[in-house]
Amino acid sequence: DIQMTQSPSTVSASVGDRVTITCRASQSIVAWVAWYQQKPGKAPKLLMYKASNLESGVPSRFSGSVYGTEFTLTISSLQPDDFATYYCQQYSTSLWTFGQGTKVEIK
Amino acid sequence: QVQLQESGPGLVRPSQTLSLTCTVSSVSISSGDFYWSWLRQPPGKGLEWIGYIYSSGTTSYNPSLESRVTISLDTSNNQFSLKLNSVAAADTAVYYCARRTAVRALDLWGQGTLVTVSS
């Protein structure tokens, strides 16, 4: 199984802050990583696919990048609607796996 | 607009079979390059992929659940279903159905349904 190690588990930030979340894959997965945002009581929402592609309708303050097996989600200027939990997911193999999640909370 | 909606019992007894259905609207589940998927999320925990069925009927399951899981298509009703047998308390979770395309990962999700395993 490919493990996705996500960090940090929690980030405390203020509106306007730049926030970076990282996932490290246990082996090479090229760019087959997606990022999701989940709010309490709601289903996850796709933000990014194939590492750096912004899903339609998602604000441009979200961006994704990859360097080797390290994948990053960046929120350039945190907005009130962005306080949520974020998950990475690899879909390089038939067994899809998720990171443990990062909760972005108000500082 | 494509929508997915889960339905099924909210309470299942231990050792019984959990059965859920996902109704898909505005797109045919038997056409297109789609993987119709089930995932779950135990209360307060992260996401776990259960398995998927391709529009052709081919299935793939999480090895940790494979011996207990069956996913099937019902093309006449444009639905796909999940059966998980021999359930235990550890199977208590919010169950989601979702659609994956070849490139865009899980782009559409149902709202989720909480299934509690308890006697």
Side-chain angles (χ1 to χ4, degrees), chain A residues 1-10 21 23 25 29-58 62 64 66 71 73 84-105, chain B residues 1-7 10 20 22-24 33-54 56 58-67 69 71 93-115:
Chain A
D1 302 2
I2 297 176
Q3 308 300 318
M4 299 296 287
T5 303
Q6 187 171 344
S7 61
S9 57
T10 305
I21 301 168
C23 268
I29 54 174
V30 191
W32 297 109
V33 165
W35 290 94
Y36 303 88
Q37 176 193 68
Q38 187 178 35
K39 296 183 178 180
K42 301 294 186 182
K45 171 188 172 184
L46 178 65
L47 298 177
M48 311 287 305
Y49 62 92
K50 210 174 177 185
S52 59
N53 292 269
L54 193 67
E55 173 70 349
S56 176
V58 174
F62 291 92
V66 54
F71 297 82
L73 175 71
T85 299
Y86 294 82
Y87 293 93
C88 63
Q89 179 223 348
Q90 70 80 19
Y91 53 114
S92 171
T93 65
S94 59
L95 174 54
W96 308 345
T97 49
F98 290 84
Q100 302 91 328
T102 296
K103 183 177 182 180
V104 177
E105 61 181 26
Chain B
Q1 183 180 357
V2 181
Q3 292 185 318
L4 289 75
Q5 177 70 58
E6 305 89 350
S7 59
L20 295 174
C22 183
T23 300
V24 180
D33 193 14
F34 301 132
Y35 302 78
W36 301 103
S37 310
W38 287 99
L39 303 97
R40 68 181 184 179
Q41 185 172 36
K45 296 188 178 180
L47 294 159
E48 181 181 34
W49 170 69
I50 299 171
Y52 64 69
I53 187 164
Y54 191 56
S56 65
T58 302
T59 55
S60 180
Y61 302 129
N62 189 323
S64 68
L65 298 169
E66 187 166 16
S67 63
V69 172
I71 297 175
V94 175
Y95 285 76
Y96 294 101
C97 59
R99 182 185 81 171
R100 179 199 156 181
T101 65
V103 173
R104 285 170 56 241
L106 297 157
D107 66 335
L108 290 173
W109 295 67
Q111 64 185 27
T113 187
L114 175 63
V115 179

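Each chain gets a letter, A, B and so on, in the order its sequence line appears, and its residues count up from 1.
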Which of B:N62, B:I50, B:L106 passes side-chain contact (heavy atoms from CB on, under 4.5 Å) with A:W96? It is B:L106

If one checks every heavy atom of B:L114 against chain A at 4.5 Å, the contacting part turns out to be neither

Bottom line for B:Y61: the part with an atom under 4.5 Å from chain A's heavy atoms is neither

_Between B:L47 and A:Y36, does the side chain to side chain contact (heavy atoms under 4.5 Å, CB included) criterion hold? Intermediate values first, please._
CA-CA 11 Å; B:L47 294 159; A:Y36 303 88; 5.6 Å; no

Turns out that what part of A:Y91 lies under 4.5 Å from chain B's heavy atoms comes down to both

Honestly, the part of A:P44 sitting under 4.5 Å from a heavy atom of chain B is both

List the atom of [X], the atom of [Y], and the distance in Å for their closest heavy-atom pair.
X      : Y     : result
B:A105 : A:A34 : CB-CB, 3.5 Å
B:W109 : A:A43 : CB-CB, 3.9 Å
B:Y96  : A:K42 : OH-O, 3.3 Å

CD-CZ distance between B:Q41 and A:F98, expressed to the nearest 0.5 angstrom
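Taking CD in B:Q41 and CZ in A:F98, the distance rounds to 9.0 Å.
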
Taken to the nearest 0.5 Å, the spacing of A:Q100 CD from B:K45 NZ works out to 13.0 Å

- prompt: With a cut-off of 6.0 Å (strictly less than), are more than 12 heavy atoms of other residues, nucleotides or ligands near NZ of A:K39?
  reply: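 Yes, the 6.0 Å shell around NZ holds more than 12 heavy atoms from other groups.
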
- Message: Which one wins on heavy-atom pair count under 4.5 Å against chain B: A:K50, A:Q38, A:K45?
- Response: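 Winner by heavy-atom pair count: A:Q38.
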
